[in-house]
Student: 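Dropping a structure here in structure tokens format, bear with me for questions.
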Amino acid sequence: MTTKTVAELLSQDVTLQDVSVKGWVRTFRANRFIALNDGSTINNIQCVVDFENFDEDLLKRVTTGAAIHVTGQLVESQGKGQSVEIQVKELEVLGESDPETYPIQPKKHTFEFLRENAHLRTRTNTFSAVMRLRSSLSFAIHKYFNDNGFYYMHTPIITGSDAEGAGEMFRVTGLDPKNPPLTEDGMVDYKEDFFGKETNLTVSGQLEAETYAMSLGKVYTFGPTFRAENSNTSRHLAEFWMIEPEVAFMDLAGNMDLAEDFMKSVLSYVLEHNKEDLEFLDKRLQDEEKKLPQADRSPMNLIDKIKFVVDNNFKRVSYTEAIDILRNSKPNKKKKFKYIIEEWGADLQSEHERFLVEKHFKCPVILFDYPANIKAFYMRLNEDCKTVRAMDILFPGIGEMVGGSQREERLEVLKEKMKALDIPEEELWWYLDLRKYGTAVHSGFGLGFERLVMFATGMGNIRDVIPYPRTPQNAEF
């Protein structure tokens, strides 16, 4: 007899058939009703045991967390909450779970407690739903790019360059930390290191992706990136995943079109394929928000927020127009913003971005043409020499979701920008070569995958949307 998943059994409309299923016990009530889950769905299947026909010692081993194998007859359920259940004929305990020590008992746990037990937290409804959604979003991303003629590129994890110019990178070295080789002036001699130079974990695959775009046309990366930023906020991780498409012969307008279509596509996918998980997370979020003051509650529930992005055209607004709107807004004039907008050139904060999306335009917003001095060196300088062809996509509840730009394709302009920021030409000689040999307009963007998962699940802390979060003072598991 073929073993079925719980999801397959719950979708069956044929009853009175013999079935086999394996999973983990969520609860065992009245020595009769086993709630069984195998991770294939947020829903449990009820397995009904006639305890008089089973050994008492066997039933004592059916505890929360135990792995069991059940065979029996699939019948129409007599109880509420499920259409079918299993009348158990055979029961085998595959792996016991000590009820005295098993941490994921059938009760409410704090997210902090569950992070300490991250190896078991997907046994809960919330985290199983979050991780199924993470998996679906990941698949939808690869599907979108594959369907649209992109090539998937694996960019290096170990790199000698700092794509963002931020300098907050994790060093990779094979040198003896207690006795490293030194140069004549007393500095660590990285020429003696494994790679013969100073190397780090990557903060972005963008620069390398540009090289492939300039030969393959359309490429994307989807891989781990690392930031050594000593930040303990709910929005920061030291290790996270980035999606970065790069496209040759595409300008800023095309980049905005691509990013909007991409975001709508991947979110539409989970609306269609993860309905039960989204409904559960939506209800969870609404129940949590009932405890908050009215002013702190979200204006939209989770599913409505996702549909808000999928169903609305994104409003395209220049940074200059956005600054005027913000400067003249009521929250700014009445000093309700934490960061008051006073002049052109200010770096927008999440509160400003959310105001534009949720209050002013009431749709997702793409801001473009940012001041050059608050954006990265590789962004294409506009004719005004003050702004660059950058764009950020802003979502409700979260602010910036996507950041991208048309890349600077002019060799001399790029050299001048690097010189102004003290970026040595010899460090990025290969990147400059793209501007010497067949240069062309090209563009791309970056999307932090965990930020997308936060948006799609309604989770408030980024540590709860990645299997094993890496944060300052924490590399457990």
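Residue indices begin at 1 and follow the sequence shown.
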Student: Does the side chain of Ser329 come under 3.5 Å of the side chain of Asn332 through a donor N or O and an acceptor N or O?
Tutor: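 No pair is found: no donor N or O on one side chain lies under 3.5 Å from an acceptor on the other.
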
Student: Will you find, in the side chains of Asp369 and Thr387, an N or O donor that is under 3.5 Å from an N or O acceptor?
Tutor: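 Absent: no donor and acceptor within the cut-off.
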
Student: If we ignore angles and hydrogens, is there a donor and acceptor under 3.5 Å between the side chains of Tyr468 and Arg115?
Tutor: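 Absent: no donor and acceptor within the cut-off.
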
Student: Do Ile462 and Val453 come within less than 4.5 Å of each other through their side chains, counting heavy atoms only?
Tutor: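 They are not in contact (no side-chain heavy atoms under 4.5 Å apart), so the answer is no.
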
Student: Would you be so kind as to tabulate the donor-acceptor pairs closer than 3.5 Å made by side chains of residues 235-242, with sequence neighbours excluded?
Tutor:
from: His236; atom 1: ND1; to: Ser231; atom 2: OG; distance (Å): 3.2
from: His236; atom 1: ND1; to: Thr233; atom 2: OG1; distance (Å): 2.5

Student: If you look only at distance, which donor and acceptor atoms sit under 3.5 Å apart when one is on a side chain in residues 124-134 and the other is two or more places apart or in another chain?
Tutor:
from: Thr124; atom 1: OG1; to: Arg121; atom 2: O; distance (Å): 2.7
from: Thr124; atom 1: OG1; to: Phe127; atom 2: N; distance (Å): 3.4
from: Asn125; atom 1: OD1; to: Arg26; atom 2: NH1; distance (Å): 2.8
from: Ser128; atom 1: OG; to: Thr124; atom 2: O; distance (Å): 3.1
from: Ser128; atom 1: OG; to: Asn125; atom 2: O; distance (Å): 3.1
from: Ser128; atom 1: OG; to: Arg132; atom 2: NH2; distance (Å): 3.2
from: Arg132; atom 1: NE; to: Asp277; atom 2: OD1; distance (Å): 3.4
from: Arg132; atom 1: NE; to: Asp277; atom 2: OD2; distance (Å): 3.1
from: Arg132; atom 1: NH1; to: Gly39; atom 2: O; distance (Å): 2.8
from: Arg132; atom 1: NH2; to: Asp277; atom 2: OD1; distance (Å): 3.0
from: Arg134; atom 1: NH1; to: Glu450; atom 2: OE2; distance (Å): 3.0
from: Arg134; atom 1: NH1; to: Val465; atom 2: O; distance (Å): 2.7
from: Arg134; atom 1: NH2; to: Glu450; atom 2: OE2; distance (Å): 2.9

Student: Do Thr5 and Asp38 have a side chain donor and acceptor closer than 3.5 Å?
Tutor: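 Absent: no donor and acceptor within the cut-off.
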
Student: Within the 3.5 Å criterion, strictly below it, is a donor on Tyr431 or Glu210 matched to an acceptor on the partner's side chain?
Tutor: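 Checked: Tyr431/Glu210 side chains pair up, N/O donor to acceptor below 3.5 Å.
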
Student: Are side-chain N/O atoms of Tyr339 and Asp347 paired as donor and acceptor at under 3.5 Å?
Tutor: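 Judged by distance alone, the side chains do not pair up.
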
Student: Would you kindly say whether Glu246 and His442 are connected by a side-chain donor-acceptor distance under 3.5 Å?
Tutor: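 Glu246 vs His442: no donor-acceptor pair found between side chains.
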
Student: In Å and rounded to the nearest 0.5 Å, what is the CE to NZ distance from Met250 to Lys218?
Tutor: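 Between atom CE of Met250 and atom NZ of Lys218 there are 9.0 Å.
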
Student: Regarding Glu85 and Ser77, do their side chains bring together a donor and an acceptor under 3.5 Å, going by distance alone?
Tutor: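 Per modelled atom types, Glu85 and Ser77 side chains form a pair under 3.5 Å.
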
Student: By the definition ring-ring contact (aromatic ring centres under 6.0 Å, His included), identify the one residue from Phe222, Tyr220, Tyr151, Tyr152 that meets it with Phe145.
Tutor: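 Of all the options given, the one that passes is Tyr220.
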
Student: Does a side chain donor of either Gln406 or Asn255 reach within less than 3.5 Å of an acceptor in the other side chain?
Tutor: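 Side chains of Gln406 and Asn255: no pair found under 3.5 Å.
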
Student: Can you confirm whether more than 12 heavy atoms, excluding those of Asn230, are under 6.0 Å from its CG atom?
Tutor: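 Incorrect, the count does not exceed 12.
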
Student: What I want to check is whether the side chains of Glu244 and Thr221 have a donor and an acceptor closer together than 3.5 Å.
Tutor: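 There is such a pair between these side chains.
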
